[in-house]
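Here the structure is laid out as structure tokens; the discussion comes afterwards.
When a ligand or atom number is given, it counts from 1 through the structure's own listing order. FYI, the numbering just counts along the sequence from 1.
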Amino acid sequence: MGSKAVEDLIQASSGVHYSGFHLEEVHTSEIEQSTTSVDESVKQPFVIGVAGGAASGKTTVCDLIINQLHDQRVVLVNQDSFYHNLTPEELTKVHEYNFDHPDAFDTEQLLCVMEKLKHGQAVDIPKYDFKSYKNDVFPLRRVNPSDVIILEGILIFHDPRVRDLMSMKIFVDTDADVRLARRIRRDTVEKNRDIATVLDQYSKFVKPAFDDFILPTKKYADVIIPRGGDNHVAIDLIVQHIRTKLGQHDLCKIYPNLYVIQSTFQIRGMHTLIRDAQTTKHDFVFYADRLIRLVVEHGLGHLPFTEKQVITPTESVYSGVDFCKRLCGVSVIRSGESMENALRACCKGIKIGKILIHREGDNGQQLVYEKLPEDIAQRHVLLLDPILGTGNSAVQAISLLLKKGVPESNILFLNLISAPQGVHVVCKRFPRIKIVTSEIENGLNEDFRVIPGMGEFGDRYFGTDDD
Ligand SMILES: Nc1ncnc2c1ncn2[C@@H]1O[C@H](COP(=O)(O)OP(=O)(O)O)[C@@H](O)[C@H]1O
Ligand SMILES: Nc1ccn([C@@H]2O[C@H](COP(=O)(O)O)[C@@H](O)[C@H]2O)c(=O)n1
Ligand SMILES: [Mg+2]
């Protein structure tokens, strides 16, 4: 592929940083590999479960959430669509059929639909007809893959496999008498049923199933909404939370200890400069330093604090906090040393240890030198290395700190860019350490280099590259 084709590719891929590629060095296979790795990681939808008794206000709550999330792609999948069709025999004795029992639903079909949606495929979902009791009413409803999928139904929390799909679970909690009153009105007005049948179904099936199957799933809820759709505060908070989660990188949803600093145009502009192969050494150092300072300041915000009160010059009391005192920086030589100045500028007199890890071959790492404070086990450690790639150096460095007695939860790993592979390796092996980074990369190339990346950070920062 010639450089013209590469430029076309860059042009076509809005929103993705390709400015760090060395155009003359890019090979077709590298581009295809990087593009494929992006496609493979199909953006995971944010799945919300909404459960609660019949006529508690579930659909009303879902409609309010959908309205407020108007600028997002949201779909509603109703558990009613997965009611089993009744056999001819069951149809003749429909008043003896329990529509509130978990067995009334085809959960396997629901799981199959969710699997497809999660993998970015559109699905056709049946529309349930409460009058004919049939779930094969045509035309089927076409549901496209979306950023947010809301799963609603009385027993949507019953099956653990369905629960596991959900990033957020909401239980709509409405008084039984309110639910019954609404149900009588709905079933008589909308479903043309007579009141005696509605009350009979309620006492025989609806109430017992609520007590036996629905209410016990309330414990799985992350949020319980009293008064359903009338509770605007709860709905506003839920929508706010969903917006925050949608703005986060998918990896942050998997690993709660991974923090990617909120992107702004300033931050993206600085990244654009340090990733550009044409950027001068002077500019590279200047903008790398600015980004490092941001990451360090953000990282310090994750340290514990103690409450402290001071008297202001107006002799008033200011209730504030005191910084965590027992800190230590540890830089991974050589790139990590570029982060020391920012740490020193933020934490007066901080001790800084060093670790040297030699890269053996393509993927192996070997620890060759370490100099750490003797009392490091009693300190919170800020581990400094601007790039998290394969995760091999980070694992070596963290393992050494643990061997020296530093508790895992006292380690804060600060870097500028992280490859998903490295995040998986570090977060799975050390789930209690925190990682603070400023951008998540597309992946690694065949040489285990981060892409798009910024080249050899140490060489560019310390001026030892050939230019
Ligand atoms: N806060 C409310 N105040 C008054 N009526 C409501 C309220 N919330 C829902 N309803 C009515 O109650 C009935 C059941 O509400 P719905 O949201 O469909 O509940 P669910 O989906 O839990 O069965 C509907 O007729 C709806 O219009
Ligand atoms: N043919 C049917 C199917 C279901 N029901 C009742 O619907 C309730 C669930 O729907 P919500 O919108 O209230 O969640 C449930 O209590 C079933 O009894 C029915 O009456 N007829
Ligand atoms: Mg409903």
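- Close approach to Gln201 involves these atoms of ligand 2, each under 4.0 Å from a residue heavy atom: 18 (O), 19 (C), 20 (O).
- A salt bridge links Lys207 with Asp211: the distance from a Lys NZ or Arg NE/NH1/NH2 to an Asp or Glu carboxylate oxygen falls below 4.0 Å.
- The shortest N/O to N/O separation between Lys58 and ligand 2 falls below 3.5 Å.
- Of the heavy atoms in Arg182, none comes closer than 4.0 Å to ligand 2.
- Of all atoms in ligand 2, listed by their number and element, those nearer than 4.0 Å to a heavy atom of Tyr133 are 1 (N).
- Atom-to-atom distance recorded for Cys346:SG and Leu327:CG is 11.0 Å, nearest 0.5 angstrom.
- Side-chain contact check for Thr197 and His95: no donor-acceptor pair (N or O, by modelled atom type) lies under 3.5 Å.
- Scanning the protein for heavy atoms near atom 4 (C) of ligand 2, the closest one is Tyr83 OH, 3.2 Å.
- Residue-level proximity to ligand 2 for Phe205 is absent, since no heavy atom of it falls below 4.0 angstrom.
- Taking only nitrogen or oxygen atoms, main chain and side chain alike, Arg193 reaches within less than 3.5 Å of ligand 2.
- A search for salt bridge (Lys or Arg N to Asp or Glu O under 4.0 Å) contacts involving Arg141 returns nothing, not counting sequence neighbours.
- Asp447 has no carboxylate O lying under 4.0 Å from a charged side-chain N of Arg449, or vice versa, which leaves the two without a salt bridge.
- In this structure, of Phe130, Tyr128, Phe210, the residue bringing a heavy atom nearest to atom 1 (N) of ligand 2 is Tyr128.
- Of the protein's heavy atoms, Phe99 CD2, 3.4 Å lies nearest to atom 3 (C) of ligand 2.
- The pair Lys134-Asp129 does not meet the salt-bridge criterion, since no charged nitrogen lies less than 4.0 angstrom from a carboxylate oxygen.
- For Arg179, there are no salt bridge (Lys or Arg N to Asp or Glu O under 4.0 Å) partners two or more places apart in sequence or in a different chain.
- Using a cutoff of 4.0 Å between basic side-chain nitrogens and carboxylate oxygens, Glu115 and Arg161 are not scored as salt-bridged.
- What sits closest to atom 17 (C) of ligand 2 on the protein, heavy atoms only, is Asp100 OD1, 3.2 Å.
- Residues Ile150 and Val75 fail the side-chain proximity criterion, which asks for heavy atoms closer than 4.5 Å.
- Between His302 and Tyr259, the angle of the ring planes lies from 30° to 60°, which puts this pair in the tilted group.
- Here the protein contributes Thr59 OG1 as N, O or S atoms under 2.8 Å from the Mg ion (ligand 3).
- Residue Ala54 has at least one heavy-atom neighbour below 4.0 Å for each of these atoms of ligand 2: 8 (C), 13 (O), 16 (O).
- If you number the atoms of ligand 2 from 1 as listed, the ones under 4.0 Å from a heavy atom of Ala55 come out as 13 (O).
- Residue Ile154 approaches ligand 2 through these ligand atoms, each under 4.0 Å from one of its heavy atoms: 14 (O), 15 (C).
- You'll find the ring centres of Phe213 and His101 inside the 6.0 Å limit.
- For the pair Leu246 and Ile242, the minimum side-chain heavy-atom distance is below 4.5 Å.
- Scanning all protein heavy atoms for the shortest distance to atom 6 (C) of ligand 2 gives Arg183 NH2, 3.6 Å.
- Regarding atom 10 (O) of ligand 2, its nearest protein heavy-atom neighbour is Asp80 OD1, 4.0 Å.
- Using a non-hydrogen distance threshold of 4.0 Å, Gln79 does not register as a contact of ligand 2.
- In this structure, Ser319 contributes its side chain and Gln309 its backbone to no donor-acceptor pair below 3.5 Å.
- The aromatic rings of Tyr83 and Tyr128 are tilted relative to each other, their planes meeting at an angle between 30° and 60°.
- Put simply, the side chain of His424 reaches to within 4.5 Å of the side chain of Leu251, judged on heavy atoms.
- The two atoms that bring Pro139 and Lys127 nearest to each other are O-CE, 3.2 Å, heavy atoms only.
- A 4.5 Å side-chain heavy-atom check between Phe448 and Asn392 finds every atom pair outside the cut-off.
- What sits closest to atom 12 (O) of ligand 2 on the protein, heavy atoms only, is Arg186 NH1, 3.5 Å.
- Sorted by chain and number, the heavy-atom contacts of ligand 1 below 4.0 Å come from Gly53, Ala55, Ser56, Gly57, Lys58, Thr59, Thr60, Glu152, Arg182, Arg186, Asp230.
- Because its NZ or CZ atom is both nearer than 6.0 Å to the ring centre of Phe130 and within 45° of the ring axis, Lys191 counts as a cation-pi partner of that residue.
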